[in-house]
Engineer: 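Questions regarding the structure given below will be posed in turn.
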There are 4 protein chains.
Amino acid sequence: MNNYYDVAVIGGGIIGCSIAYYLAKEQLSVAVFESGEIGKKTTSAAAGMLGAHSECEDFEIFYPFARSSQLAYLELEQELKEKTGIDIRRTTGGIYKLAFSESEKRQLQSLSSLATVEWKEADDIREREPGISEKIVGAAFIRDDVHVMPEAVCRGFSKAAQIHGAAIHEYTHVFDIQKTGGHYLIKTQAGDFEAKYVVIASGVWSNALFKYLGLEHRMVPVKGECLSVWNEEIKLKHTLFHEHCYVMPRNDGTLVIGATMVENDWSEKPALGGIEQLIMKAKGMLPSIERMKIASFWAGLRPKTFDGKPFIGFHPEQDHVLVAAGHFRNGILLAPSTGQMIRDLILGKQVRKDWVDAFKIDRKNDVFV
Amino acid sequence: MNNYYDVAVIGGGIIGCSIAYYLAKEQLSVAVFESGEIGKKTTSAAAGMLGAHSECEDFEIFYPFARSSQLAYLELEQELKEKTGIDIRRTTGGIYKLAFSESEKRQLQSLSSLATVEWKEADDIREREPGISEKIVGAAFIRDDVHVMPEAVCRGFSKAAQIHGAAIHEYTHVFDIQKTGGHYLIKTQAGDFEAKYVVIASGVWSNALFKYLGLEHRMVPVKGECLSVWNEEIKLKHTLFHEHCYVMPRNDGTLVIGATMVENDWSEKPALGGIEQLIMKAKGMLPSIERMKIASFWAGLRPKTFDGKPFIGFHPEQDHVLVAAGHFRNGILLAPSTGQMIRDLILGKQVRKDWVDAFKIDRKNDVFV
Amino acid sequence: MNNYYDVAVIGGGIIGCSIAYYLAKEQLSVAVFESGEIGKKTTSAAAGMLGAHSECEDFEIFYPFARSSQLAYLELEQELKEKTGIDIRRTTGGIYKLAFSESEKRQLQSLSSLATVEWKEADDIREREPGISEKIVGAAFIRDDVHVMPEAVCRGFSKAAQIHGAAIHEYTHVFDIQKTGGHYLIKTQAGDFEAKYVVIASGVWSNALFKYLGLEHRMVPVKGECLSVWNEEIKLKHTLFHEHCYVMPRNDGTLVIGATMVENDWSEKPALGGIEQLIMKAKGMLPSIERMKIASFWAGLRPKTFDGKPFIGFHPEQDHVLVAAGHFRNGILLAPSTGQMIRDLILGKQVRKDWVDAFKIDRKNDVFV
Amino acid sequence: MNNYYDVAVIGGGIIGCSIAYYLAKEQLSVAVFESGEIGKKTTSAAAGMLGAHSECEDFEIFYPFARSSQLAYLELEQELKEKTGIDIRRTTGGIYKLAFSESEKRQLQSLSSLATVEWKEADDIREREPGISEKIVGAAFIRDDVHVMPEAVCRGFSKAAQIHGAAIHEYTHVFDIQKTGGHYLIKTQAGDFEAKYVVIASGVWSNALFKYLGLEHRMVPVKGECLSVWNEEIKLKHTLFHEHCYVMPRNDGTLVIGATMVENDWSEKPALGGIEQLIMKAKGMLPSIERMKIASFWAGLRPKTFDGKPFIGFHPEQDHVLVAAGHFRNGILLAPSTGQMIRDLILGKQVRKDWVDAFKIDRKNDVFV
């Protein structure tokens with residue numbers, strides 16, 4: 001077994017695997033260290049919406065970063081299928097971000113002013129989606145906010161990275177990282193490894209690694225509970241979205257209903273109260289969902305930073321240590337851009353300065369400090 | 001393969017397997033024909049309460065029959081463990097049938113007058129079960145209404161029957177039954193069989209067999225949806241029961257929440273609306289259940305006759321044809337008594353006349369005809 | 001609920017749902033009666049190979065029928081996605097039908113002479129698929145024998161049929177069919193229905209329906225056991241095929257290993273001995289599969305007629321009764337052609353005479369009668 | 001949330017939960033820190049044999065320790081049922097340790113000389129267990145080597161501990177332990193905790209914690225793969241055991257087949273090659289198992305120390321730090337004795353000196369050092 005790598009990525013979720021893929025493509029020797037299995041934690045719990053618009057509240061910095069990532073998925077779909085045989089299952093259809101009142105309609109105005117977003121009146125929507133609630137006053141329609149199957153994307157990145165020479169160490173928990181000479185020593189349960197660069201990409205579980213590397217920052221978990229139902233009758237083509245909740249038609253015939261927001265809960269199983277909330281929310285958008293048969297339920301932990309934006313960039317003090325974590329509700333959407341940005345930082349290529357500033361770890365924390 | 005049996009039992013749920021067991025013990029040659037797997041339909045969906053008292057509304061006929069069955073479980077537990085190694089997992093604890101109002105309290109009076117039932121005041125209950133709702137005014141406590149694991153009972157009956165020589169034909173759908181000479185021809189997808197006696201024990205799916213045998217009766221399915229949660233903290237020792245719903249502590253650490261009543265729905269999967277109802281009901285009895293983690297969900301079809309009582313007895317016109325179906329909410333409870341009664345009818349032993357009359361198929365139907 | 005239909009299709013597997021789809025598209029009123037859930041029996045157990053060439057032993061009649069069905073999948077993929085949102089997950093790659101000896105190589109000659117098939121030498125194959133066994137002497141490469149996800153196709157047909165107005169009755173067991181006046185009475189557990197045409201499409205379970213309709217034919221089940229593994233490292237792009245067994249790369253990152261041939265076994269669960277056989281076979285083709293992690297296992301029943309070819313056509317005596325069953329190892333492949341042929345027979349359109357003769361129920365049975 | 005405890009137990013498997021239970025019973029304030037869920041790793045993968053005799057190769061020290069633990073289960077069964085409602089599902093029957101040759105028979109002599117072990121000739125065994133291989137020459141019968149359901153024991157310990165006041169922190173990964181004043185600081189992803197005593201009970205994952213606490217010892221994982229089948233016909237009352245493999249009848253009607261020994265493999269999923277081995281081994285003992293239907297498969301990691309004996313005792317240098325790990329194939333068997341021994345060490349009670357010496361961490365390592 002090779003024990004020395006150019007880059008050690010700690011964390012085998014969609015972010016870590018994206019980074020490994022983009023680096024391995026550039027001929028760097030890369031290893032991913034994952035304490036369980038690839039893509040089985042937060043990644044597999046995500047619905048997979050590429051909500052560059054629907055999740056956006058900042059059109060200056062976040063939007064271009066997210067939009068670039070969304071567009072990257074177009075070629076990724078083909079690229080990963082050719083390299084690995086894995087289909088990331090991108091589904092067209094787009095999102096209706098629903099307004100149930102005039103005030104909600106007004107709130108959607110700024111979004112609707114984008115060229116890629118279109119305001120739809122209630123009648124228009126009900127004609128296309130007859131099952132939708134009669135109480136809506138309209139919706140912002142975002143054609144490009146489609147979705148993918150997160151675990152498939154992650155497996156695609158991981159396998160493609162391996163085909164480019166990367167090593168994926170599953171079931172390999174990292175319990176310490178030490179600087180030693182010009183390298184970093186990665187101490188794992190399966191033995192010690194060395195690397196020139198270390199990238200922390202362990203989602204909310206990065207906190208422990210931050211500690212080993214002298215970073216004072218912490219993320220909190222925001223648990224999201226989900227369930228899915230079999231939709232055998234209704235032709236729902238678009239994701240319905242309202243107040244952070246959604247009803248999303250997957251291309252296997254199910255609808256995914258998500259997701260609650262339970263701050264500071266580390267458990268990865270849905271509670272009864274969360275399931276009840278989701279059912280009520282979903283009925284509000286799509287009344288006939290009540291008669292559909294439940295297929296499955298699950299939960300995952302979103303990593304939230306002090307300002308809700310991810311940490312992507314160099315450790316402020318430690319050379320050759322980078323962080324890519326804290327993507328909150330947008331890990332799937334931002335995985336390609338994050339992988340590319342980390343690649344560029346390591347290779348010394350140019351990266352947009354406003355992105356570097358917005359996502360750097362030691363950015364100003366007006367709120368919490 | 002033997003193709004001739006003394007008795008052919010159609011249906012491999014808990015009723016059919018109980019009948020096979022009691023007959024095989026008497027040296028009769030018995031075969032069970034089950035279109036799928038033993039105990040996987042209504043039986044496996046049942047919670048397994050032996051509610052001789054809690055489910056009772058008729059103390060003259062139903063109660064003695066049910067009570068005798070409940071008591072039979074005491075020796076069955078030991079008998080099946082010795083013969084087959086299978087543990088039916090009888091759990092002590094009993095039931096609190098809750099009253100949330102003075103009027104509900106009054107309704108429980110007739111029950112509370114039984115020697116085996118005891119009225120408990122709210123304070124007394126809350127002391128023993130601190131998690132219970134503060135809104136109760138008291139409960140009827142029924143020590144003997146314990147529960148078992150229905151699928152284990154069914155497997156125990158089936159395996160013990162086999163050890164006594166019975167044949168269990170799984171995946172063997174019966175598509176016709178014909179009288180031929182002194183015997184019955186059982187036509188199945190796996191070939192034809194003959195038997196002297198035929199017992200119809202296919203729950204709500206008996207309707208088709210009734211048709212082949214010239215019986216005009218029909219049962220309707222009453223779907224029951226259930227879910228279970230992990231109870232890791234609360235020491236709930238008793239089943240809580242209110243308005244046909246219950247929260248039942250299994251001896252594996254879960255709580256079972258059941259069950260809805262959806263008449264005339266043949267689907268065996270829970271709908272979202274049913275799950276929502278159950279959560280609301282369970283919270284009403286045990287508020288902290290809201291924080292518990294969901295473990296599983298399922299549904300099953302209870303077979304309901306015109307008057308809610310089972311059909312147990314001879315076909316009114318066809319010699320040597322018997323029926324044992326329509327046990328509605330009480331199939332697990334009544335399985336031993338039903339098996340014994342069918343055995344006695346076939347062997348020509350004496351059976352209580354009021355039971356024969358109450359459960360015979362051609363009893364008077366005041367309500368529907 | 002509507003109780004009268006132009007066509008009643010009995011059986012909700014991929015054959016029945018294909019028929020319903022092609023008929024509903026022509027504005028006929030259609031109902032499917034399925035005793036369980038759509039696509040959950042033989043359909044869901046199939047690997048989904050569209051082996052028009054690899055499964056072919058008759059190039060005069062079977063091949064053109066199969067090939068036409070294979071080609072129909074090209075447009076179906078798009079059609080079903082647009083109508084229902086469901087992706088049938090067609091995967092390119094094709095099949096290597098392996099030869100491990102000169103004698104096997106010779107047996108593949110007639111196949112290799114087809115324009116769509118290409119002989120590949122061992123070195124050539126090992127270059128493309130480095131993991132393949134060193135013992136092969138070559139393989140017939142069939143580019144067009146790709147695969148789909150059978151349950152997705154079936155759900156796609158079913159949902160598209162519904163969107164065109166068809167009724168899908170799940171959990172609705174048919175227990176008798178009677179001719180009554182100019183119509184057929186379909187007796188089900190959920191009530192009686194009438195239809196002008198009846199199509200029997202219940203796979204091996206059609207035997208019972210044959211009986212009700214006076215057909216003397218019988219099919220036998222040939223159980224196929226399968227398992228799947230996670231392929232996280234090897235870039236296997238083609239299905240490997242040898243002696244009825246295959247290792248097939250699905251586009252979710254798994255490899256499917258199938259399938260045993262257990263004649264006259266009605267059980268739908270894999271036996272330990274079958275699993276052992278599959279592992280040995282798979283190791284023979286792809287040695288490194290031994291280290292891969294098992295993902296899942298299952299079994300299904302292929303319906304086999306006396307000569308191995310399907311029954312597709314009119315009942316020889318009963319007007320307006322058709323049969324579409326007995327597709328043995330090729331149900332997924334032949335579903336589109338079968339649906340189209342049944343549609344054409346009902347609509348009175350022209351159908352190739354050699355197909356009608358080859359697949360008619362009362363064809364000559366040289367072997368068995 | 002309380003942040004200070006008398007004892008912090010790191011690891012929520014059966015060892016950690018046993019320790020927590022015995023300490024909480026003595027009124028100490030105890031917390032368990034488990035990075036995932038209670039009892040879901042090595043514990044849930046174990047078959048649950050209490051093989052005090054069958055696993056024994058050292059009758060001086062290991063045997064009395066193991067035997068005392070085995071006997072402790074007798075009262076534990078009742079104790080945990082009363083306190084928590086959980087049934088640990090102890091199953092009687094005992095083990096046949098099979099000999100297939102005269103040489104194996106001789107190897108079993110020393111075992112057979114124990115008062116609790118009885119030699120059985122082949123004829124005698126085949127009379128009781130007719131399904132057993134005809135190739136055996138006899139077996140050592142060990143009546144007391146019964147089995148329990150490991151996850152149920154672990155849940156029972158955990159819940160009983162909570163009822164006595166212990167805190168169980170699931171999903172709480174410990175990433176560092178530091179000595180601070182007279183206490184230990186337990187740094188977790190969910191925040192910092194303090195404790196007077198720290199007990200390391202994380203099985204093979206203890207290695208990382210050893211590092212934090214300055215212990216140079218390491219354990220290696222020995223992966224064990226298992227599967228289970230449905231035994232619907234054969235009355236197998238005893239566990240069959242040969243060359244570290246076993247066929248064990250659980251009281252739910254399944255047989256568990258285990259377990260392989262894959263050293264230094266950290267993956268927790270069974271590989272295809274391991275499954276194949278198990279099937280061959282099981283057929284060697286019980287030929288008809290080949291026809292049984294597969295129910296499930298899984299794998300777990302046994303923690304192995306340099307000499308195969310557990311580490312139970314104080315840290316050689318750090319005050320108030322204890323270790324209880326490395327139980328290899330005997331974690332379930334030894335859980336009660338280990339819990340009691342750790343309790344006694346913390347409370348300063350007397351512990352058998354030969355046990356202290358045999359299990360102390362800094363014992364002489366003749367083999368490896």
Side-chain angles (χ1 to χ4, degrees), chain C residues 45 131 133 223-234 236 240 245-249 253-260 262-301, chain D residues 45 131 133 223-234 236 240 245-249 253-260 262-301:
Chain C
S133 166
K223 178 161 109 171
E225 294 150 306
C226 293
L227 55 88
S228 67
V229 295
W230 289 108
N231 171 22
E232 284 164 356
E233 293 171 41
I234 292 181
L236 184 75
L240 309 181
C245 274
Y246 49 82
V247 175
M248 193 191 88
T254 60
L255 302 180
V256 177
I257 305 169
T260 58
V262 191
E263 200 151 323
N264 234 344
D265 180 342
W266 288 89
S267 155
E268 295 166 54
K269 291 188 295 185
L272 221 49
I275 295 295
E276 190 189 16
Q277 265 181 55
L278 289 172
I279 298 175
M280 286 190 299
K281 285 278 200 177
K283 279 165 65 180
M285 293 189 264
L286 191 72
S288 65
I289 208 166
E290 186 177 31
R291 292 193 305 271
M292 294 184 191
K293 305 301 182 289
I294 185 165
S296 174
F297 56 83
W298 64 92
L301 306 187
Chain D
S133 167
K223 179 161 107 169
E225 294 149 305
C226 293
L227 55 87
S228 66
V229 295
W230 289 108
N231 170 23
E232 284 164 356
E233 293 171 40
I234 291 181
L236 184 76
L240 309 180
C245 274
Y246 49 82
V247 175
M248 194 191 87
T254 59
L255 301 180
V256 176
I257 305 169
T260 57
V262 191
E263 199 151 325
N264 233 345
D265 181 341
W266 288 88
S267 154
E268 294 166 55
K269 292 189 294 186
L272 221 49
I275 296 294
E276 190 190 16
Q277 266 182 52
L278 288 173
I279 298 175
M280 286 190 299
K281 286 277 200 176
K283 279 165 66 180
M285 292 188 266
L286 191 72
S288 65
I289 208 166
E290 185 176 32
R291 292 193 305 273
M292 295 185 191
K293 306 301 181 290
I294 185 166
S296 172
F297 55 82
W298 65 91
L301 305 187

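Every chain is numbered from 1, with letters handed out A, B, ... down the list of sequences.
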Engineer: What part of C/Ser296 lies closer than 4.5 angstrom to a heavy atom of chain D: side chain, backbone, both or neither?
Structural biologist: backbone
Engineer: Is C/Ile257 in contact with chain D via its backbone, its side chain, both, or neither, using a 4.5 Å heavy-atom distance?
Structural biologist: side chain
Engineer: Chain D heavy atoms under 4.5 Å from C/Ala299: which part of the residue, side chain, backbone, both or neither?
Structural biologist: neither
Engineer: What pair of heavy atoms forms the shortest contact from D/Ser267 to C/Lys293, and how long is it?
Structural biologist: OG-CE, 3.1 Å
Engineer: Using a 4.5 Å cut-off on heavy atoms from C-beta on, say whether the side chain of C/Leu272 contacts that of D/Leu227.
Structural biologist: yes
Engineer: How long is the span from the CD1 atom in D/Ile294 to the CD atom in C/Glu276, to the nearest 0.5 Å?
Structural biologist: 11.5 Å
